[in-house]
Every structure is written in structure tokens, then in C-alpha cells.
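A short write-up of the structure that comes next.
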Amino acid sequence: MTEDLAVAAPAPATVTSPAKSRPALARNVTVATKPFGRDRGRTGNDQHSTDPRAGSFRVDAHHGEILQGVFVAGGRLRRGLVTLPCPLYSTRATFLPTEDSGTTVRPAWRTKARRAADLTLARLGHPIPGGLLDITSDIPLCRGFGSSTADVTSAIGAVLAATGRRLSPAEVGALAVEAETASDSLMYGGRAVVFAHREGEPIEDLGELMPLSVLGFGTSPGGRGVDTLELPPARYTSWEIEAFRPLRGLLRRAVRDGDAGLLGRVATASTLLNQRHLPIPVLDDVLAVARAAGAAGVQVAHSGDVAGLIFDATDAETPARLEFAATRLDVTETWQFETER
């Protein structure tokens, strides 16, 4: 278990994002050391998946965050988040080496994935000139499922698979942020990592996430989503900044003890703190349904329009609780999934 990196520091009223530059890798932070670059199993339908020269890599979506805010680490305030994995959707990237310089991506509009592939080749010292990158994905866009991070992370993994190279999750996180400005922590798989999403560094690895059942739903009319690129970084008050300190500690304990109830309370608190920045119009009703159904808590995408009721996947009463909650939520779309361990 990683020790708390927080130290005493005055809390200013607002937090600004770090200047755009290549993120340095984290120091003095213990994180999962499993190398990144091994294929994760599911077969894609991309054109070059059977070519022996090609490398392929799949990344699952996420479902917003369990916790997002600012945290004291290394003597300064840092924006960070803890992602909720979601195996409902995934992205597969396949990279076929060519003699052409640079990367060509299909479809052409997935420019962040192309940039991630080029950055990875540069990071590896250009072992090959370039390649053809195919992206296949069923992740909905602009909802908070992490579609762009899945594109970027799968592209990095595909290049690594094609070149037979490996990078650590921290190195992949740094490349992902360089490719898309801000990234989720999909490169850490099912681990609960407090991730500095605008720096590409792990702040703290809390451990493996316990099994959770989630009743997801959309919070915008017709599931129209949110233009996440237009959302400015949240400007937190001094009170909000102080509130994140104990929430991080409580989440650490929840993951350590496998306590879904405590994790749910942390997620609910983070959801309430997010209301001032990206409000959910029906949140009061959602909280009432969560209480009536015996949910562990409520989580949201802090830059999207998906949210979920969290339940303990090991509880025998969870299927009935999920069914009850699904009939009570006054929303137009719902879905269910379990996190994988």
C-alpha cells in the first residue's frame, strides 16, 4: 500500500493547470509494475489483425470517475481523478509497420490516436519509420466513457505490440497526456489509481478495485452528451480543496478493505462537489432512488453526461436492488455492468 503523499500546504482558492510540456514521470510513487504492451484478448474486426507484422491492443472504456478533484502531493496541489472501469465498450487499435514516415490513421478523424502513435515511435527511438493505424471502437463519443483516451492508449499499445517493446503504465500515461492534453487512467486497467490527468503521472496507487455492479444512465436529454473539449478545468474553492483530502484517505481505506459501501460514499461526495461545475439536473431524485434501493453510492462523469448507482457485486441482494432502481429512475436510458477483477 502506498503511503499518503499529502503534506501540509496552504490551500489557495483556485487551482490552475500546469503548463503544456512533456510530462515527467512520477518519482517516489509505488504503482503497478506490469509492463504495458501485451494484447488484452478480444479479437478486433480491423483489416490487418491477421498480418504477422501487425500489433494489436484493446482498451476498455470507463464510466466517469469515483473521485475527481485536487490533492496535495509533493508539496503542491495537483488535479487528479480515480477512474471507474467499464467493460461495456472497448477500442481496439492495430498498427501495421510500413516504410512510410509517420503514421496514417483510419478513420482519419482520430487524430489523437495518430499523434499518440507518432509520439510512441519517437519515445522508442523510431525503430520503424511509420505505419498504418486502424482504430475500431464502439465507445460512445462525448458521454464520459473515455473514448479519446481509449483511442490514444490502444494506439500506444498497438505500436508497442508491433515493435515488441514495453513501457510502464506511467510512461504510457505521460505519452497519453502529451497526445491529448488530459487523459484518464485507462492504462492502469482495474487498479484504483489517483491519476494526475493533466500531467500524466500517478499520484497514488490505491490497489485493485473491488467488484462493483453499476446501474448506469444518461443525465442529458436524449443522450446528447457534452462537448468535453469546451469544458474549462474546474476552479475549486478553498473549502472544496480541503474536502478532497479526507475523501482520498477514505477511498484508500475502502479499496484496502474491499468496502464497496465506503467507496460509494466517497463517490457520492465527489458527485455533490461536482454539482457546482457540471450539474446533474435530476440529482436530488437520483439520490433518493439510491437511498431507497440500498445503493452504495452515486458516481458521475465529471466531464460527461453519464452517471451510475454503485452496488456491491458480491451482495446476494444486488440483482434485486438493481432491478428496483432501474424501475424508479426517471431517465430515458439505462444500462448495467460489473467491473472486472
Side-chain angles (χ1 to χ4, degrees), residues 40-42 58-68 81-92 136-151 154 184-186 189-190 192 209-228 260 263-264 267-268 270-271 274 278-283 285-341:
R40 295 188 179 182
R42 220 181 273 175
R58 181 183 64 83
V59 174
D60 284 342
H62 69 70
H63 200 266
E65 291 76 40
I66 298 168
L67 174 64
Q68 181 166 334
L81 53 79
V82 180
T83 293
L84 177 63
C86 175
L88 277 178
Y89 306 107
S90 66
T91 293
R92 177 174 286 279
T136 57
S137 179
D138 61 359
I139 302 178
L141 305 178
C142 301
R143 302 297 306 272
F145 285 107
S147 57
S148 63
T149 296
D151 283 359
S154 63
D184 299 295
S185 57
L186 295 180
L209 193 63
M210 75 286 289
L212 300 171
S213 294
V214 180
L215 174 62
F217 54 94
T219 63
S220 65
R224 65 171 180 254
V226 174
D227 187 350
T228 56
L263 178 143
T268 301
S270 185
T271 297
N274 187 59
L278 186 61
I280 298 174
V282 295
L283 182 58
D285 294 337
V286 169
L287 292 171
V289 172
R291 288 191 295 269
V298 178
Q299 63 82 216
V300 297
H302 291 69
S303 58
D305 76 331
V306 299
L309 303 188
I310 299 173
F311 298 84
D312 183 349
T314 65
D315 188 339
E317 296 185 6
T318 287
R321 297 181 190 277
L322 285 164
E323 183 178 358
F324 173 86
T327 63
R328 296 299 191 275
L329 283 174
D330 185 18
V331 295
T332 58
E333 52 178 350
T334 63
W335 49 86
Q336 295 182 24
F337 67 93
E338 288 191 4
T339 59
E340 298 176 344
R341 187 162 191 173

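Between the side chain of T339 and the backbone N or O of L212 there is at least one donor-acceptor pair closer than 3.5 Å. A donor-acceptor pair is defined here as one N or O able to donate and one able to accept, closer than 3.5 Å; such a pair exists between the side chain of T318 and the backbone of D312. Proximity of a side-chain donor or acceptor of D138 to a complementary backbone N or O of S90 within less than 3.5 Å is detected. No donor-acceptor distance shorter than 3.5 angstrom exists from the side chain of T334 to the backbone of A326, with no hydrogens or angles considered. Side-chain atoms of Q299 do not come within 3.5 Å of backbone N or O of I66 as any donor-acceptor pair. In this structure a side-chain-to-backbone donor-acceptor pair under 3.5 Å is missing from Q68 to N274.
Distance check: C142 SG to D305 CG gives 9.0 Å after rounding to the nearest 0.5 Å. For the atom pair CG (L322) and OG1 (T327), the distance works out to 11.0 Å, reported to the nearest 0.5 Å.
Heavy atoms only, all atoms of each residue included: A150 and L186 are closest at N-CD1, 3.7 Å. The minimum heavy-atom distance between L215 and Q336, with the atom names listed, is CD1-CG, 3.7 Å. Looking at every heavy atom in both residues, W335 comes nearest to G218 through CH2-N, 3.5 Å. What you find for G189 and P85 is that their closest heavy atoms are O-CG, 4.0 Å. Shortest non-hydrogen contact noted between G144 and A301 is CA-CB, 3.9 Å. In terms of heavy atoms, T219 sits closest to P281 at O-CD, 4.0 Å.
Checked options T332, V306, D330, L329; the residue passing with F217 is L329 (criterion: side chain to side chain contact (heavy atoms under 4.5 Å, CB included)).
In this view, E323 satisfies the side-chain hydrogen bond (donor to acceptor under 3.5 Å, both in side chains) rule with no residue, not counting sequence neighbours. Shown here are the side-chain hydrogen bond (donor to acceptor under 3.5 Å, both in side chains) partners of E65, two or more places apart in sequence or in another chain: H302. The side chain to side chain contact (heavy atoms under 4.5 Å, CB included) test applied to A290 returns A295, V298, L309, not counting sequence neighbours.
Aromatic rings from H62 and F145 are positioned such that their centres are separated by 6.0 Å or more.
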Report task. Please lay out, stage by stage, how L84 and L209 fare under the test side-chain contact (heavy atoms from CB on, under 4.5 Å). Result -> CA-CA 9 Å; L84 177 63; L209 193 63; 4.2 Å; yes
